[in-house]
Amino acid sequence: MSKTNNVSIQYLDLFSGAGGFAKGLQDAGFHFEQHYFSEIDPYAIATYQYHFLKAQHLGDIKNIHEKSIHPDLISFGSPCQDISIAGKRAGLKGKRSGLFFEAIRLIKLYRPSVFIFENVKGLFSSNEGKDFEIVLQAFADIGLYDCQ
């Protein structure tokens, strides 16, 4: 099957893991003109770099302040251990799931044309639904985006 809708973008993949978002975008016909990713797990980083040779690793999301990149698309599924129904349910105040706000900071900094957020099932019930409300409010506070 040929890819007829090949679109070139500058892409930033946050909490990238081994590259599921990036692989899905490539399979959908996107070409990465510039490709950046943020991850802290050394095994995930190695796997990502193996599959995406031209991707530039930006390190820990908390240390990204680079203003010279201009992503058209940011994707993220922030760490879910504190929100997941399988976790300890610390919610967005948890050390890991609270990194959601770092992704919001970068969306505000870079203003990509599009961002994609992957949530976790437990987000709707975390903190009696208040965490989901906080996520929606954070998106609304960014402004200039239609949420679907």
Side-chain angles (χ1 to χ4, degrees), residues 1-123 126 131-132 134-139 141-148:
M1 175 182 237
S2 67
K3 296 179 183 176
T4 58
N5 51 335
N6 197 2
V7 177
S8 291
I9 61 169
Q10 293 192 34
Y11 175 50
L12 174 56
D13 192 0
L14 302 174
F15 315 108
S16 63
F21 265 118
K23 174 71 171 128
L25 288 169
Q26 279 187 333
D27 289 353
F30 288 87
H31 167 75
F32 305 135
E33 184 179 311
Q34 295 290 324
H35 185 174
Y36 309 96
F37 74 104
S38 173
E39 177 58 58
I40 61 168
D41 180 88
Y43 298 107
I45 293 167
T47 301
Y48 202 103
Q49 290 175 322
Y50 176 81
H51 290 287
F52 304 99
L53 300 176
K54 295 181 181 180
Q56 181 180 346
H57 182 232
L58 299 180
D60 187 328
I61 191 171
K62 294 180 283 188
N63 299 324
I64 299 175
H65 302 284
E66 181 66 46
K67 292 187 179 178
S68 65
I69 69 172
H70 305 285
D72 301 304
L73 171 63
I74 294 177
S75 65
F76 69 103
S78 54
C80 64
Q81 295 93 329
D82 300 318
I83 293 172
S84 171
I85 56 176
K88 294 184 180 179
R89 306 291 287 180
L92 288 174
K93 293 181 181 177
K95 181 178 179 181
R96 295 171 290 187
S97 294
L99 291 171
F100 165 84
F101 298 105
E102 289 293 322
I104 296 299
R105 176 183 64 81
L106 293 179
I107 292 167
K108 288 178 180 178
L109 175 68
Y110 296 128
R111 294 288 182 185
S113 300
V114 175
F115 70 88
I116 301 170
F117 168 64
E118 173 194 22
N119 78 12
V120 61
K121 182 178 180 180
L123 180 59
S126 179
D131 284 342
F132 184 61
I134 290 169
V135 165
L136 293 177
Q137 188 61 57
F139 291 156
D141 290 345
I142 294 170
L144 303 176
Y145 291 96
D146 290 329
C147 294
Q148 298 180 15

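Because the structure is predicted, anything quoted here is derived from the model rather than measured.
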*Ring centre gap for Tyr48 and His35 strictly below 6.0 Å*: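 Between Tyr48 and His35, the centre distance is under 6.0 Å.
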Backbone N/O of [Y] and side chain of [X]: donor-acceptor pair under 3.5 Å:
| X | Y | result |
| --- | --- | --- |
| Ser38 | Phe15 | no |
| Thr47 | Ala18 | no |
| Gln10 | Asp72 | no |

*side-chain contact (heavy atoms from CB on, under 4.5 Å) with Leu58: which of Ile69, Leu14, Leu106?*
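Answer to the side-chain contact (heavy atoms from CB on, under 4.5 Å) test with Leu58 among Ile69, Leu14, Leu106: Ile69.
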When you compare the side chain of [Y] with that of [X], does any pair of heavy atoms fall below 4.5 Å?
| X | Y | value |
| --- | --- | --- |
| Lys62 | Leu99 | yes |
| Pro112 | Ile107 | yes |
| Phe101 | Ile134 | yes |
| Leu12 | Gln34 | no |
| Lys108 | Ile104 | yes |
| Tyr36 | Ile64 | no |
| His57 | Ile45 | yes |
| Ile9 | Val114 | no |

[X] versus [Y], closest heavy-atom pair with distance:
| X | Y | answer |
| --- | --- | --- |
| Arg111 | Gly143 | NH1-O, 3.8 Å |
| Glu39 | Gly17 | OE1-N, 2.6 Å |
| Leu109 | Lys67 | CD1-CE, 3.9 Å |
| Gln49 | Leu53 | O-CD2, 3.4 Å |
| Gln26 | Phe32 | CG-CE1, 3.6 Å |
| Asp13 | Gly19 | OD2-CA, 4.4 Å |

*Stepwise ring pair (Phe, Tyr, Trp, His ring centres under 6.0 Å) test for Tyr11 and Phe21*: CA-CA 10 Å; Tyr11 175 50; Phe21 265 118; 7.8 Å; no
*Could you tell me the separation between the CZ atom of Phe115 and the CZ atom of Phe139, rounded to the nearest 0.5 Å?*
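Output value for this atom pair is 4.5 Å.
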*Distance from Ser8 atom OG to Phe30 atom CZ, nearest 0.5 Å?*
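Going from OG on Ser8 over to CZ on Phe30, the span is 10.5 Å.
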_More than 12 heavy atoms of other groups within 6.0 Å of Ile40 CD1_ =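 Not more than 12 within 6.0 Å, no.
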